[in-house]
Amino acid sequence: MKVFIVPPNSLILFDLVERFGHEPLSAMKAVQERLRNLEVDSPPINVTPEDVKRGLKYAGIEVPSGIRGRLALWGPLIDEAEAAIIMEEAPYFFGCVGCHRTNEMVKYLLRKRNIPILEVRYPTDEEEAKAMVVKIKEFLEGLR
Amino acid sequence: MIKIAQLSCGTEYSGVQGEIENAASTVGAKMVAPDLDLKDVDSALEEFGFIPTSPQLRMMIARAVQLAHGRYDADAVFIATCFRCAEGALVRNEVRRYIQNHTRLPVVTYSFTERTKSGQLLTRMEALVTIVSRKDLLARERQVGLTAGIDSGSTTTKALIMKDNEIIGKYWLPTGEVIASAEEALEKAIEAAGIARNDIEAIGVTGYGRFTLGKHFKAKLIQEELTVNSKGAVWLADKQRGEATIIDIGGMDNKAITVRDGIPDNFTMGGICAGASGRFLEIVAKRLKVDITELGKLADAGDYKRINMNSYCSIFGIQDLVTSLAAGSKIEDVASAACHSVAEQVYEQQLQEIDVRQPVIQVGGTSLISGMVTAMRNILGIDPIVPKDSQFIGAVGAALLASGFIEG
């Protein structure tokens with residue numbers, strides 16, 4: 001199944017989703033095309049001005065362009081997600097050094113999809129980390 | 001008394017709460033805040049799915065949930081947050097969608113600054129009240145008897161005579177002094193219709209000058225242009241049943257309205273920026289030394305992509321066009337870029353606030369500029385319908401609705 005991960009560029013969540021036999025939907029996937037596509041004027045870039053306009057589908061004109069640009073990348077992935085894992089309270093180095101408002105919107109868009117979602121907190125010690133991995137494993141195995 | 005539920009954040013400390021209440025009371029409505037028990041907030045947020053950091057936005061969502069569950073009765077909804085607040089803008093839009101998915105209440109959204117005055121809110125509040133209180137009148141699909149409609153717009157004044165569901169006389173002229181312009185337009189329309197002024201059974205007025213004209217003509221109907229124009233547009237396009245989206249780019253402001261069976265259920269109204277209006281196109285035509293009526297054909301012969309236009313602004317946008325002309329660009333391309341710019345701004349600033357439903361009916365004076373219709377088609381990927389007499393929508397709507405006052 002296609003599983004959207006939050007933070008969307010978390011390597012640990014990406015790895016876990018893939019390891020348990022699912023397809024991770026991540027920022028890496030969305031940005032990859034822009035980094036490699038020769039038609040984009042001056043790669044590597046994350047978004048183009050056209051992307052920001054496309055982001056209007058997910059957030060109105062008064063929403064800052066950084067949010068719309070991010071949503072232009074992740075919105076289509078959220079639309080195709082069949083499940084999601086949301087990691088709360090993750091430190092900077094865990095995932096996206098991103099925009100809090102975008103994170104709020106991403107979680108909202110996921111919740112609106114009515115798909116299975118696992119919400120976990122970033123672990124603070126080894127025991128919690130083990131428990132979190134078990135939870136994620138059970139969730140992903142349950143998706144089959 | 002019409003009850004308008006206020007779902008907002010920031011109004012008290014922005015100094016605009018009094019202005020909102022003034023606008024509502026001017027049109028016979030009362031602002032109300034849906035009752036809320038603090039213990040309902042968490043469950044409401046859980047149901048809604050968006051958990052903002054701002055406590056007041058959380059309350060706003062919880063109030064929306066109260067309305068959606070029918071725990072609080074209101075006739076219409078006004079959703080507002082501060083301009084420039086990202087979280088507010090996100091929540092405002094999603095609350096609007098939520099209310100529309102869960103209720104049949106008419107909704108208007110607004111982002112305010114500390115300078116917002118009641119006058120700016122008046123037309124929107126009036127439209128909400130009209131939709132609630134005049135549903136029967138708005139449901140009229142046929143004009144009866146002999147009625148006149150006058151639309152006193154910011155740029156042009158239009159008058160039109162209808163008899164038994166047909167237009168029999170019409171006239172328009174640039175708006176100067178409001179009463180004199182309306183008198184002249186009406187006299188010429190009467191002349192074209194071949195009737196006597198005394199034969200007219202009811203007059204309806206709309207547009208910026210509606211209150212002044214309403215008194216002068218002792219009009220039966222004095223109504224804001226959002227509901228009147230919707231009615232006129234669906235009548236002219238013969239799309240009275242089902243859903244439609246009306247795009248009305250006017251001289252001074254723009255309206256994007258969705259309707260169901262001819263009754264508006266959502267609308268946005270621009271007007272702060274001249275860059276997305278007929279006024280901008282007038283300035284362009286003047287700079288290109290062509291008549292405004294020729295601008296559309298000129299634009300259709302050009303390609304907007306050849307012009308580097310970085311701004312929609314009527315000052316800086318024109319600067320871009322002047323720079324392009326100075327660099328040797330063709331006037332066709334400049335005309336096309338101007339039309340594209342207006343259409344793009346309407347799309348970005350207004351159409352994303354409503355869920356565009358087909359068919360799209362493009363009306364107002366700018367719909368006569370074919371390049372504007374081409375630009376909307378390119379941007380929306382939908383072919384807009386431009387009905388005959390599309391610039392007369394306000395006058396047609398007013399004449400049609402005014403006939404509701406002469407039937408028993």
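Residue numbering restarts at 1 for every chain, and letters A, B, ... go by the order of the sequence lines. Note that the coordinates shown come from a computational prediction; the quantities given were computed from them, not determined experimentally.
- Residue Ile382(B) places its CD1 atom among more than 12 non-hydrogen atoms of other residues, nucleotides or ligands, all under 6.0 Å distant.
- No other option in Gly49(B), Ala89(B), Ala86(B) has as many heavy-atom pairs under 4.5 Å with chain A as Gly49(B).
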Donor-acceptor pairs, chain A vs chain B, cutoff 3.5 Å:
from, atom 1, to, atom 2, distance (Å)
Lys53(A), NZ, Glu344(B), OE2, 2.8
Glu62(A), OE1, Arg92(B), NH1, 3.4
Glu62(A), OE1, Arg92(B), NH2, 3.1
Glu62(A), OE1, Ser111(B), OG, 2.9
Glu62(A), OE2, Ser111(B), OG, 2.8
His100(A), NE2, Thr53(B), OG1, 3.0
Arg101(A), NH1, Thr53(B), OG1, 3.4
Arg101(A), NH1, Glu87(B), OE2, 3.2
Glu104(A), OE2, Thr53(B), N, 3.1
Glu104(A), OE2, Thr53(B), OG1, 2.9
Tyr108(A), OH, Glu94(B), OE1, 3.1
Arg111(A), NH1, Gly49(B), O, 2.8
Lys112(A), NZ, Glu94(B), OE1, 3.2

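- For a residue to count as touching a neighbouring chain, one of its non-hydrogen atoms must lie under 4.5 Å from one of that chain's; by this rule Ile67(A) touches chain B with the side chain only.
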